[in-house]
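Take a look at the structure below.
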Amino acid sequence: MAPGFNLEREDDQQIESRYHKGVKYLCDNNDNNNGMMTRVPRKYILPVSDRPNSRGEDRANLNLPVIDFAELQGPNRSQVIKSLAKACEEYGFFQLVNHGISTDIIQNMIDAGRRFFELPYDERAKYLSSDIFSPVRFGTSFNQSKDKVFCWRDFLKLSCTPISNAHSVWPSSPVDFRKVAVNYSSETKFLYLMLMEAILESLGLLEEAMEKENGNKSLKEFEDGSQLMVVNCYPSCPEPDLTLGMPAHSDYGLLTLLLQDEVKGLQIQHQGRWLTVEPIPNSFVVNVGDHLEIFSNGKYKSVLHRVLVNSSSSRISIASLHSLPFNRMIQPSPKLIDEANPRRYKDTDFATFLDYLSSRDSKNKNFLESRKLM
Ligand code: OGA
Ligand code: NI
């Protein structure tokens, strides 16, 4: 073997392992041009057909339907429930305003998330894990062990079920991180439960869901459900047209509550076009996940979305994903199946999803497609 060969391979491996440390690390440890990164490394360059500007019309803004949470609790509830149903059918997304979570709690969470990614790399690296069941996991890209081209995104995933785990294992640095994140997760869980109740009502399934509990008027299986929080960090990118912060995907659970800072980047697919969601300060972007599309037998849509990056600002978002307990089977509600509306999806559980994750290699194919009966 030629003497240079090993050396070359080692260099390649070193470069490769550097990408696994994340985009923030890459940007902070770049020694070209006085530390200014001017080009995107090859590892992040998407094939032309997958790039965000492959079609000129991919830049239009979209004002999502707005749902006023305070109004949902008032005399106009039935009207708001109708708007909610329409948004879930036509967009799979809505903006939630007047949700009652204080500006402090929201700003503190965004701020704590940002400060986590500003820590020295070694501090973040304490939470590196390839175990998807780990209650805390720092990583990069979308599906780090599978992606050939990497996404311009680092993440911190925090499992909130059971929340008692969080107190010992969530990051202890920045010093206030754990407290802020625990607080934020319980507020979003409460909001999710109130929204889920409205969604069950809009599907005509509320009575049935409540009666399941031996006459107790509660939504216990929803209350006991899973919650995963994902803090996403998208550093500013020197060539944003060549890459994506997140590829097109749909979310796994029933509902996702997404908090974004003032920087736009989220795009949703609507009527065949990619449209950019205008951020509304202190609001949540809420979307229907695969489980709710299945549960509603296709009435509500789990819609593809993706994230653009930009050259001037970094962006932070916090996604809170909610579903039933992990071991529960999700299936179309029998009340929504009849001759005119046959069952459209196979039963689904977490194991099915894991099988899918480990088998797939193309990012754009979505899990939901694999669960459809026709
Ligand atoms: C997600 C997601 C969008 C964003 O975390 O699943 O779609 O704007 N995030 O970060
Ligand atoms: Ni998503």
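For ligands, and for the atoms within them, numbers begin at 1 and follow the listed sequence.
Classification of the Y127-F116 ring pair by plane angle, with boundaries at 30° and 60°, yields tilted.
Judged by distance alone, the side chains of R371 and T348 do bring a donor and an acceptor atom under 3.5 Å apart. Judged by distance alone, the side chains of H305 and Q267 never bring a donor and an acceptor atom under 3.5 Å apart. A donor-acceptor contact closer than 3.5 angstrom links the side chains of D347 and Q331. Under the 3.5 Å distance criterion, with hydrogens and angles disregarded, no donor-acceptor pair is assigned to the side chains of N232 and Q260. With hydrogens and angles left out, the side-chain atoms of S320 and Q227 include a donor and acceptor closer than 3.5 Å.
Here the side chain of D147 pairs a donor or acceptor atom with the backbone of F142 at under 3.5 angstrom. With hydrogens and angles ignored, the 3.5 Å screen pairs a side-chain donor or acceptor of K43 with a backbone N or O of K148.
Checking only distances, Y234 does come within under 3.5 Å of ligand 1, N or O to N or O.
Using a cut-off of 4.0 Å between Lys/Arg side-chain N and Asp/Glu carboxylate O, D154 and R124 are scored as not salt-bridged.
Remark: minimum distance from atom 1 (C) of ligand 1 to any protein heavy atom is reached at M246 CE, 3.6 Å. Among protein heavy atoms, the minimum distance from atom 8 (O) of ligand 1 is reached at R315 NH2, 2.9 Å. Nearest protein heavy-atom contact of atom 3 (C) of ligand 1 is V307 CG2, 3.6 Å.
Not a single heavy atom of R153 sits closer than 4.0 Å to an atom of ligand 1. At a 4.0 Å cut-off, at least one heavy atom of H305 sits close enough to ligand 1 to count as contact. Remark: distances from the non-hydrogen atoms of R306 to ligand 1 are all 4.0 Å or more.
Here the options are E293, E90, E89, the test is salt bridge (charged side-chain N to carboxylate O under 4.0 Å, His left out), and the partner is K299; only E89 passes.
Taking the six-membered ring where the residue is Trp, the centroids of Y44 and Y19 are separated by under 6.0 Å. Outside the 6.0 Å centre-distance limit, the rings of F222 and H322 are not counted as a close aromatic pair.
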Please lay out, stage by stage, how S129 and D131 fare under the test side chain to side chain donor-acceptor pair (under 3.5 Å). CA-CA 5 Å; S129 168; D131 173 12; 5.1 Å; no

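Contacts between L258 and ligand 1, counted as non-hydrogen atom pairs separated by less than 4.0 Å, involve the side chain only. Contacts between Q260 and ligand 1 below 4.0 angstrom, taking non-hydrogen atoms only, are absent altogether. Contact annotation: for D251 versus ligand 1, heavy atoms closer than 4.0 Å belong to the side chain alone. When heavy-atom distances to ligand 1 are checked against a 4.0 Å cut-off, V230 has no atom that comes that close, whether in backbone or side chain.
For the Ni ion (ligand 2), the tally of protein N/O/S atoms lying closer than 2.8 Å stands at 3.
For ligand 1, the atoms closer than 4.0 angstrom to any heavy atom of N232 are 5 (O), 9 (N), 10 (O). Ligand-side atoms of ligand 1 in range of S317: 4 (C), 10 (O), range being under 4.0 angstrom from any heavy atom. For ligand 1, the atoms lying closer than 4.0 Å to a non-hydrogen atom of A319 are 5 (O).
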